[in-house]
Asker: 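Quick one: this structure, given as C-alpha cells, is what I'll be asking you about.
To find a chain, count down the sequence lines: A is the first, B the second, and so on, and within it residues start at 1. Every heavy atom of this structure was used, including side-chain atoms; hydrogens, water molecules and symmetry mates were not.
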Amino acid sequence: MTLEKPMPDKYNPHELEPKWQKYWQEIGLLRAAEGSGKKSYILVMFPYPSGDLHMGHLKNYTMGDVLARFRTQQGYSVLHPFGWDAFGLPAENAALKFGVSPADWTFGNIQQSKESLALMGIQYDWSREVTTCTPEYYKWNQWIFLKMYERGLAYRKKSYVNWDPVEQSVLANEQVIDGRGWRSGALVEKRELEQWYLKITDYAERLLQDLDKLPRWPEKVKAMQRAWIGKSTGAEFDFPVKGHEAKIRVFSTRPDTIFGATFMVLAPEHELVPTITTPEQKEAVEAYVAAARMKSEVERQREDREKTGVFTGAYAINPANGKEIPVWIADYVLAGYGTGAIMAVPGQDGRDWEFAERFGLEIVRTVEPPAGWQGQAYTEDGPAINSGFLDGLYVEEAKKKVIAWMEEKGIGQGKVNYRLRDWLISRQRYWGTPIPMIHCEACGIVPVPYEELPVVLPTLKDVEDIRPKGKSPLAAHPEFYEVDCPRCGRAARRDTDTMDTFIDSSWYFLRYTDAQNQQLPFDPQRANFWMPVDQYIGGVEHAILHLLYSRFFTKFLHDIGMLEAEEPFEGLFTQGMVQGWTDVGPVEVKDDQIRFLTPERRAKLDLPETLSVEEAKKSGAELRTHEDGSLHFWKPATMSKSLGNGVMVGPFVREQGADIARITILFAAPPENEMIWTEEGVQGAWRYLNRVWRRVAEDRAELERTSDRFESTALEGADKTLYQKLHQTLKKVGEDIEALRFNTAVAALMEFLNALYDYRKENGVSPVYRSAIRHYLQMLAPFAPHIAEELWHWFHDSSVFEARWPAVDEEALVADAFELVVQVSGKVRGKATVPAQASEDEIRRIAREIPNVQAHLEGKQVVKEIYVPGKLLNIVVKG
RNA sequence: GCCGGGAUGGCGGAAUCGGUAGACGCACUCGACUCAAAAUCGAGCGGUUAGCAGCCAUGGGGGUUCGAGUCCCCCUCCCGGCACCA
C-alpha cells in the first residue's frame with residue numbers, strides 16, 4: 001500500500017499529519033488555562049526518559065490524549081501535562097558505560113522521547129513541562145522535606161536497613177520485592193545505618209480509611225494498599241519474667257486466647273535476649289542469634305521454612321493464670337513488627353502449633369472447636385474454654401472482656417498495629433536531590449535555611465566520581481560538603497546522601513498546576529482549581545510505591561494548608577501492556593517435543609527448556625521457518641528494549657501514520673487488558689480510516705454544496721433512521737470515552753460508518769446525511785485527530801476541537817417501531833416489527849400471527865403471558 | 001494458604017437494572033471487478049443439518065425464575081498481588 005502514487009483526494013497520512021500537528025501548536029490546542037467553568041485534569045504517569053519510544057510506551061499517552069481532546073470538545077478547562085522522572089540510576093549507569101554526564105544523557109533522551117510523542121499527535125501543554133532533575137524542581141523537594149522536618153515527620157534513626165549490594169545504596173521497604181532490590185534484583189542485605197526517614201506511619205489510618213473514598217480506583221489496587229498498610233486490631237500487654245525486673249511486652253490480635261499461652265517467643269534481635277538468657281543456654285542462644293543475622297531475607301522467607309528456635313532458659317509468668325511458661329527465641333517472630341515478641345498460643349495459632357509440636361511444648365485449647373474437629377490449631381470463632389473468667393464467651397466478647405481486665409490490672413491495653421513502616425529516603429547515590437541538612441558538631445542537625453535553597457547537586461567532572469562506592473559519591477567532594485553551620489557559623493558538614501527518587505514523583509502532579517512558580521512549589525489557588533486529578537492513567541506496578549507515597553504527600557500538603565484536596569487521584573486506571581511478536585530463538589522438534597537451542601530469551605520469558613507442540617500452541621506461540629531454513633519459536637511478549645520486539649514509534653508513523661497507530665492501539669482490546677500488536681490489527685485500522693476518507697472524499701463537492709439544516713421532527717424513512725442511529729452513536733461514544741471503553745467506542749464508530757455507507761448507497765447527499773458526516777468527524781476526532789481535522793477543514797475554517805461536542809437528541813432515540821421478540825415458554829420462536837405505540841392487546845395479536853409461534857402454541861394451554869414493553873412477549877404454555 | 005480479577009466462535013472481544021448470545025474487527029470461504037494480482041465491493045462464517053424447523057452451545061455441576069453469559073450455592077482451571085505480620 002505504500003507503493004501507490006499519492007493521488008489528490010487519497011488518504012495520505014504522512015502528508016496531512018505533520019500539517020495538523022503544527023496547526024495545533026499554532027492555535028494552542030490543549031494549552032491549559034484556569035477558568036471559571038468545569039475543569040478536567042487528565043494525567044498519565046510521567047516516564048523515566050529512556051530515548052526512543054515504542055508502542056508499549058505510547059498506549060497510556062494515547063488514552064490520555066483521547067480523553068483530553070474529548071474534554072476539550074466538551075468545553076472543559078483541560079490540564080493535560082507531561083514531564084520527566086529524570087533522577088535515578090539508569091542515568092548514572094549510562095554515564096558510567098558511555099562516559100557522558102547523567103544530565104546530558106537525560107536531556108538527550110528527553111528530546112528523542114518528545115519527538116515520538118509529537119509524531120503520534122499527542123498534545124500536551126509543554127509550558128508546564130516538569131523535569132525532576134532540574135534545580136527549579138528539586139528545590140521544592142528540599143522545601144517539602146524541610147516542612148516535614150519542622151513537623152517532626154522527617155527524622156533520623158539508626159536501624160537495620162535494606163542494603164542493595166548492586167546499587168550500593170539502602171532501599172525502602174516498598175522497594176524490596178521478595179527479598180531483592182526492585183530494580184537491581186540483587187539479594188538485599190541488612191546493615192545497621194543511621195538514615196533519614198519520613199513518618200508515613202503517622203498517616204497509616206488516614207491512608208487506609210480514605211481508600212473507601214475512591215470508588216473510581218481499581219479494587220485490585222485498593223486491596224494491595226490495604227494489605228500493605230496491614231492494620232490489625234488487638235492488644236499490647238506485659239508478661240513478667242521470673243527472676244527479672246524486665247517484662248516482655250507482646251502484641252496480639254487474639255488477647256482472648258491468653259489462657260492458652262503456654263510459651264513465649266522473642267525475635268532473635270529482641271533487646272531482652274541477652275538479659276534473660278541463662279548461663280546454661282547462653283552458647284546455644286548466641287549461636288542461633290548469630291546464624292539468624294547471617295541469613296538473608298530470602299532464606300528467612302523460604303516456602304518450606306521449618307520452624308527453628310532455641311530455649312533461653314528463662315520463664316515468664318502468664319498474667320492470666322499465673323503459670324510459668326518457657327521463653328524461646330525463634331526467627332519466625334519478626335523484630336520489626338509489633339513488639340518483636342509474642343505469646344504463643346498453639347491451640348489457636350497454626351505457626352505456634354507447629355512450633356509446639358516440633359519442640360514438645362504444651363498445647364491448651366481455649367476456643368472450643370466444632371464437634372468432630374480433626375485439625376490442629378483452631379483459628380475460627382467459638383466459645384472460650386479453659387479460660388477462667390472468659391469461659392463460654394465467643395471471640396469478640398472475650399476480646400473486649402480481657403482487654404478491659406488488662407486495663408484494669410494495668411498490664412496492657414487495646415492497641416492497633418500497622419505493617420506499614422516509615423519511609424527510608426536516604427540514598428548513597430549521586431543522581432538525586434541533595435538532602436538539605438547540615439551536621440554541626442556543636443549544634444547537631446541543622447536544616448538548611450529556606451532562603452538558601454536549592455542545595456544544588458554539583459556537576460561532577462570525572463565520571464569515575466559518580467561510581468557508587470557504598471557511601472554517597474558526594475562524600476568525596478569537600479567543595480560540596482564543607483559548609484558553615486547556619487546556626488553557629490562554625491565549620492560543619494552537609495548531609496551527602498540524596499533523596500529516594502520516589503520523592504520526586506510524589507508531588508509532580510501538583511507542580512504541573514503551577515510549573516513556573518519561583519516562590520512556592522505551587523500556588524495553592526491554582527492547585528485547588530485543578531486538583532484532584534480527574535483521571536490518572538498508568539501501570540499497575542506502581543500500585544503501592546508511587547501511589548501510596550503520592551497519597552501521603554498530598555495529605556501532608558493538605559495538612560500544612562497548601563491544598564484543599566486530601567486525595568490526589570480521583571480516578572485511577574491501570575492499563576494493560578502492549579505485546580509484540582517475539583523471536584524467542586531457534587528450536588528443534590523431536591517426537592512432538594520442542595527444545596530450545598539458545599537459552600537467553602527462553603529464560604527471560606520464563607519458558608521451560610522443552611515443551612510439547614500442543615502446549616506451545618495452547619500458550620499462543622507459533623513455530624516459524626526463517627529464511628535460513630531454521631525453525632524459530634515465536635510468541636507474543638511485552639514490548640521491551642531488551643527483547644527487541646518493540647514497534648518503534650518513529651519508523652512506524654513515518655511509514656504508516658499516527659492515526660493508524662492510535663486506532664490500532666485503541667481498538668485491539670479493552671484498555672485494561674494486554675493487547676497484542678499485530679500486522680493484521682494495523683491493516684484493520686488502515687482499512688477503517690480509508691473507508692472514512694472515501695466516504696467523505698467521494699462526495700466532497702456535493703457535501704460542500706449541501707446545507708445541513710433540517711427539521712429533525714419532520715424526518716421520515718431512511719433519513720429518520722440515520723438520524724436516530726447518529727444520536728444513538730453519539731450517546732454511546734460519549735459514554736464509552738468517559739468510561740475509558742475505547743475499544744467499544746471505536747466499534748460504534750465503525751458500525752455507524754457502515755450505516756453511512758448503507759444510507760449513501762440508496763440515497764443522495766441530504767441535509768441529514770451532511771449533518772451525520774459532520775458529527776461523525778467530531779466523534780472520530782479524539783481517536784484519529786489528524787484525519788478528522790483534515791476532513792473537517794474541507795467544510796469549516798476552524799479546528800474540529802473548537803466545535804462543541806454535539807448534544808444527544810434524546811427524543812430522536814425514541815423509536816417509532818421496534819422488533820418484538822416472541823418467546824414460547826422462554827424460547828425465542830419468532831420476531832415481528834411493531835409500532836412503538838401498539839397496545840399490549842395488539843402485540844399479543846401480532847405475536848400469534850407468526851406461523852412459527854402458532855406451531856409452538858398448537859395443542860398447548862396458555863398459562864400466562866409476560867410482556868416486556870418495547871422488547872418481548874413470552875407466552876408460557878403447559879402440556 | 002489468603003486477597004483481587006477472570007473463563008463467551010479459529011482469534012481479539014460485544015452483550016451484565018435477568019429479556020434476540022456472538023456487536024465491531026481479524027482470519028477464513030465463495031462471488032464481482034481485473035489479462036493477472038493488490039486494493040475495493042457483495043455474500044457467508046458457533047455446532048449439528050444439503051437446507052429449514054428443531055436440538056445443542058457463554059469452564060463444570062446444581063438451584064432460583066416465565067426467562068440466566070448475567071443472580072445464588074458447590075467445584076475446576078487461569079492471571080495478578082501478598083505470604084511466618086502474632
Asker: Using atom P in both nucleotides, what's the gap between B:rC3 and B:rC74 to the nearest angstrom?
Answerer: 13 Å
Asker: Work out how far the P atom of B:rC52 is from that of B:rU34, and round it to whole angstrom.
Answerer: 33 Å
Asker: Do A:Lys307 and B:rC84 have a side chain to base donor-acceptor pair shorter than 3.5 Å?
Answerer: yes
Asker: Taking B:rA15 as the reference, what is the distance to B:rU65 when you measure between their P atoms (whole Å, please)?
Answerer: 29 Å
Asker: Using purine N1 to pyrimidine N3 plus N6-O4 or O6-N4 for Watson-Crick, or N1-O2 and O6-N3 for G-U wobble, each under 3.5 Å, what pairs with B:rA21?
Answerer: none
Asker: Report yes or no: is the cationic atom of A:Arg695 (NZ for Lys, CZ for Arg) closer than 6.0 Å to the six-membered ring centre of A:Tyr757, at no more than 45° off its axis?
Answerer: yes
Asker: Between B:rG59 and B:rU70, how far apart are the two C1' atoms, rounded to whole Å?
Answerer: 16 Å
Asker: Could you tell me how far B:rU58 sits from B:rA14 if I compare only their C1' atoms? Round to whole Å.
Answerer: 12 Å
Asker: Between B:rC24, B:rG42, B:rC84, which nucleotide gets closest to the side-chain atoms of A:Lys761?
Answerer: B:rG42
Asker: Of the nucleotides B:rG13, B:rG4, B:rC84, which has the atom closest to the A:Asn673 side chain?
Answerer: B:rG13
Asker: Would you call A:Arg358 and A:Glu306 a salt bridge, taking side-chain N to carboxylate O under 4.0 Å as the test?
Answerer: yes
Asker: Is any side-chain nitrogen or oxygen of A:His856 closer than 4.0 Å to OP1 or OP2 of B:rG54?
Answerer: yes
Asker: May I ask you to say what A:Asn852 touches in the nucleic acid, namely base, sugar-phosphate or nothing, with a heavy-atom cut-off under 4.0 Å?
Answerer: sugar-phosphate
Asker: Could you classify B:rG13 for me, syn or anti, using a glycosidic angle within 90° of 0 as syn?
Answerer: anti
Asker: Hunt down the Watson-Crick or G-U wobble partner of B:rG80, both distances under 3.5 Å, from any strand shown, or write none.
Answerer: B:rC3
Asker: How close or far is atom P of B:rC24 from atom CZ of A:Phe742, stated in whole angstroms?
Answerer: 22 Å
Asker: Describe the nucleic acid contact of A:Ala668 in one word from base, sugar-phosphate, nothing, applying a heavy-atom distance below 4.0 Å.
Answerer: sugar-phosphate
Asker: Would you find a donor on one side and an acceptor on the other, under 3.5 Å apart, between the side chain of A:Thr233 and the backbone of A:Val416?
Answerer: no
Asker: Taking 4.0 angstrom as the limit, do A:Glu674 and A:Lys59 come out as a salt bridge?
Answerer: no
Asker: Taking A:Glu819 first and then A:Lys871, would you say they form a salt bridge - that is, a charged N and a carboxylate O separated by under 4.0 Å?
Answerer: no
Asker: What is the distance from CZ of A:Arg419 to C1' of B:rG81, rounded to the nearest Å?
Answerer: 12 Å
Asker: Using the P atom as the reference point in each nucleotide, state the distance between B:rG44 and B:rA53 in Å, no decimals.
Answerer: 15 Å
Asker: Taking only the side-chain heavy atoms of A:Ala669 (C-beta and beyond), determine which of B:rU20, B:rG54, B:rG12 contains the nearest atom.
Answerer: B:rG12
Asker: Ignoring hydrogens and geometry beyond distance, is the side chain of A:Glu219 in donor-acceptor contact with the base of B:rG5 at under 3.5 Å?
Answerer: no
Asker: Is the base of B:rU20 touched by the side chain of A:Gln823 through a donor-acceptor pair closer than 3.5 angstrom?
Answerer: no
Asker: Judged by each residue's nearest nucleotide on RNA chain B, which is more toward the 5′ side, A:Ser825 or A:Lys732?
Answerer: A:Lys732
Asker: Round to a whole Å and report the spacing from OH of A:Tyr332 to P of B:rC84.
Answerer: 13 Å
Asker: If the cut-off is 4.0 Å, is A:Asn743 near the phosphate of B:rA14, judged by side-chain N/O to OP1 or OP2?
Answerer: yes
Asker: With a 4.0 Å cut-off, would you call A:Glu205 and A:Lys231 a salt bridge?
Answerer: yes
Asker: For A:Lys871 and for A:Pro670, find the nucleotide of RNA chain B with the closest heavy atom, then tell me which residue's nucleotide is more 5'.
Answerer: A:Pro670
Asker: Kindly point out which of B:rC26, B:rA86, B:rG19 is positioned nearest to the side chain of A:Ile866?
Answerer: B:rG19
Asker: Nearest whole Å is fine: how far is B:rG81 C1' from A:Met224 CE?
Answerer: 5 Å
Asker: Which nucleotide, if any, forms a Watson-Crick or G-U wobble pair with B:rC71, using both distances under 3.5 Å?
Answerer: B:rG63
Asker: Got a donor-acceptor contact below 3.5 angstrom from the A:Asp659 side chain to the A:Leu689 backbone?
Answerer: no
Asker: From the set B:rG25, B:rA21, B:rG54, return the single nucleotide nearest to any side-chain atom of A:Arg829.
Answerer: B:rG54
Asker: Under 4.0 Å: is that the gap between some side-chain N or O of A:Arg694 and OP1 or OP2 of B:rA39?
Answerer: no
Asker: Please measure how far the P atom in B:rG10 lies from the corresponding atom in B:rG60, and state the result in whole Å.
Answerer: 14 Å
Asker: Under 4.0 Å: is that the gap between some side-chain N or O of A:Tyr337 and OP1 or OP2 of B:rA86?
Answerer: yes
Asker: Nearest to the A:Thr744 side chain among B:rG54, B:rG25, B:rA14, which nucleotide is it?
Answerer: B:rA14
Asker: Rounded to whole Å, how long is the line connecting atom NZ of A:Lys59 with atom C1' of B:rG12?
Answerer: 12 Å
Asker: Counting just side-chain N and O atoms, does A:Lys864 come under 4.0 Å of either OP1 or OP2 of B:rU65?
Answerer: no
Asker: Calculate the interatomic distance between A:Lys222 atom NZ and B:rG5 atom P; express it in whole Å.
Answerer: 10 Å
Asker: Answer yes or no: is there an ion pair linking A:Lys399 with A:Asp256, defined by an N-O contact shorter than 4.0 Å?
Answerer: no
Asker: If the threshold is 4.0 Å, N to carboxylate O, is there a salt bridge linking A:Lys307 and A:Glu354?
Answerer: yes
Asker: Whole-Å distance between B:rC24 P and A:Phe783 CZ?
Answerer: 17 Å
Asker: When rounded to the nearest Å, what value does the distance between C1' atoms of B:rG69 and B:rU20 take?
Answerer: 14 Å
Asker: Side chain of A:Arg687 only, heavy atoms from C-beta on: which candidate in B:rA23, B:rC66, B:rU40 is closest?
Answerer: B:rU40
Asker: Would you tell me if any nitrogen or oxygen in the side chain of A:Ser232 comes within less than 4.0 Å of OP1 or OP2 on B:rA86?
Answerer: yes
Asker: Which one, B:rG25, B:rU20, B:rA86, comes nearest to the side chain of A:Lys831?
Answerer: B:rU20
Asker: Check every strand shown and say whether A:Glu865 touches a base, only sugar-phosphate, or nothing at a heavy-atom separation below 4.0 Å.
Answerer: nothing
Asker: Consider the side chain of A:Leu334, meaning its heavy atoms from C-beta on, and name the nucleotide among B:rA86, B:rC66, B:rA23 that approaches it most closely.
Answerer: B:rA86
Asker: Just to be sure I understand the rule, does A:Val828 reach a base, reach only the sugar-phosphate, or reach nothing, if contact means heavy atoms closer than 4.0 Å?
Answerer: sugar-phosphate
Asker: Check whether any side-chain N or O of A:Arg844 sits under 3.5 Å from a backbone N or O of A:Ala847 as a donor-acceptor pair, and report yes or no.
Answerer: no
Asker: Would you say A:Asn754 places a side-chain N or O within less than 4.0 Å of OP1 or OP2 belonging to B:rG25?
Answerer: yes
Asker: Base, sugar-phosphate or nothing for A:Arg741? Non-hydrogen atoms, less than 4.0 Å.
Answerer: nothing
Asker: My understanding is that a pair needs two contacts under 3.5 Å, Watson-Crick or G-U wobble. By that rule, which nucleotide pairs with B:rG51?
Answerer: none
Asker: Could you check how far CH2 of A:Trp228 sits from C1' of B:rG4, rounded to whole Å?
Answerer: 17 Å
Asker: Where the side chain of A:Leu872 is defined as all heavy atoms beyond and including C-beta, which of B:rA14, B:rG19, B:rC84 is the nearest nucleotide?
Answerer: B:rG19
